[in-house]
2 protein chains.
Amino acid sequence: MSYISNIEDIKKCPTEFALALRDTLNVLSGKWKLNVIGVLFFGKKRFTEIEKGLEEITPRMLSKELKELELNGVVNRIVTASRPVVIEYELTESGYELKKVLDEMIGWGILHREKIFKK
Amino acid sequence: MSYISNIEDIKKCPTEFALALRDTLNVLSGKWKLNVIGVLFFGKKRFTEIEKGLEEITPRMLSKELKELELNGVVNRIVTASRPVVIEYELTESGYELKKVLDEMIGWGILHREKIFKK
DNA sequence: AATAGCACTATACTTTTGTATAGTGGAAAA
DNA sequence: TTTTCCACTATACAAAAGTATAGTGCTATT
């Protein structure tokens, strides 16, 4: 199935597609979101684990990104009521489904690089 | 073909994939790039035509975006040496190939919206 | 009792991104 | 010849995104 199979399709339903596209881009845009999502592809992680996985990120940024990703329905925050409380972050179903999008992006990126070097 | 078929694949070649992913994201990020590319999907256009197609963009921004897209190999700037000179912008092959990426993004966006509304 | 780890928050700052407004230089149309 | 169109550029500014550094409240360990 393809959403933009020809130019007529773009003309027919531009707003819904444009909104969906913008949503997806917003979920991925910024310096850290892709990295945070990347780390969480390996499974659920605690705050400091993600922090260590990304080395240069500040806790302020990580906190901000996780909140946004949660708000966008890409990440779940799981609180385990033990002593002390354990907080973990994991990708939602939607989060895991981003794999297809990222895959297509990687594909384009690799092909595009090849083309540029050939010239 | 899939780049991230399992977690092992991510572990094997993270840097090349990460770079390709970042390249693709950079080509699409920002307020106007997606719109400019969208307009050019309909065929080659002159500066003022794109400007009119996007209504709210300022010439400064359009000029900047077109330069970046050209630099990134997504758009060609074609100069026709008539009197007066006619300048047109068109998508490169790579530019048109973004369709697959955008399509996947639209797909995710639509599915994700549905999921959020169901809850 | 002092120290360390967890999961953050607060404040101030710098950098990047985008906006507003005006202007340029050439050609062509009125 | 004045005005208009085209394809931009220049300058100044505002807003958003990201960084640096320190600190909080809790629990657990030594």
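Chain identifiers are assigned alphabetically (A, B, ...) following the order of the sequence lines, protein sequences preceding nucleic acid strands; residue numbering begins at 1 within each chain.
The phosphate of D/dG18 (OP1 or OP2) has no side-chain N or O of A/Arg60 nearer than 4.0 angstrom. B/Lys31 has a side-chain polar atom (N or O) that falls below the 4.0 Å cut-off from OP1 or OP2 of C/dT19. Between A/Ser63 and the phosphate of C/dC8, there is no side-chain N or O to OP1/OP2 separation shorter than 4.0 Å. Note on A/Lys67: a side-chain N or O is less than 4.0 Å away from OP1 or OP2 of C/dT9. Residue A/Thr58 has no polar side-chain atom (N or O) positioned under 4.0 Å from OP1 or OP2 of D/dT21. For A/Tyr89, a side-chain nitrogen or oxygen approaches OP1 or OP2 of C/dC8 to under 4.0 Å.
When the side chains of ILVMFWY residues are joined at heavy-atom separations under 4.5 Å, either directly or via intervening members, B/Tyr89 and B/Val79 end up in a single hydrophobic cluster.
Closest approach of B/Arg22 to A/Gly30, counting heavy atoms only: NH1-O, 3.3 Å.
Straight-line distance from the CD atom of A/Glu70 to the C1' atom of C/dA7: 14 Å, rounded to whole Å. D/dT9 atom P lies 14 Å from atom CD1 of B/Ile57, rounded to whole Å. Regarding A/Leu66, its CG atom lies at a distance of 11 Å from the P atom of C/dA7, rounded to whole Å. D/dT11 atom P lies 16 Å from atom NZ of B/Lys64, rounded to whole Å. Between B/Lys45 atom NZ and D/dC6 atom C1' the separation is 17 Å, expressed in whole Å. What separates CD of A/Glu51 from C1' of D/dT19 is a distance of 14 Å, to the nearest Å. The distance between atom CD of A/Glu56 and atom C1' of D/dA20, rounded to the nearest whole Å, is 14 Å. Across the protein-nucleic acid pair, A/Glu49 atom CD and C/dC6 atom C1' stand 11 Å apart, rounded to whole Å.
Between A/Arg83 and A/Trp32, the residue whose closest nucleotide on DNA chain D is further toward the 5' end is A/Trp32. Nearer the 5' end of DNA chain D, as judged by each residue's closest nucleotide, is the contact made by A/Lys33, out of A/Pro84 and A/Lys33.
When distances are taken from the side chain of A/Pro59 to each of C/dT9, C/dA7, D/dC6, the shortest belongs to C/dT9. If you check C/dC6, C/dA7, D/dC6 against the side chain of A/Ile87, the one that comes closest is C/dA7. Across C/dG18, C/dC8, D/dA7, the shortest atom-to-atom separation from the side chain of B/Thr48 is found for D/dA7. The side chain of A/Met61 has D/dT19 as its nearest neighbour among C/dA27, D/dT19, D/dC8.
Using a cutoff of 4.0 Å between basic side-chain nitrogens and carboxylate oxygens, A/Glu88 and A/Arg46 are not scored as salt-bridged. A salt bridge links B/Glu97 with A/Lys115: at least one charged nitrogen is closer than 4.0 Å to a carboxylate oxygen.
Within the model, atoms CD1 of A/Ile110 and CG of B/Leu21 stand 10.0 Å from one another, a figure rounded to the nearest 0.5 Å.
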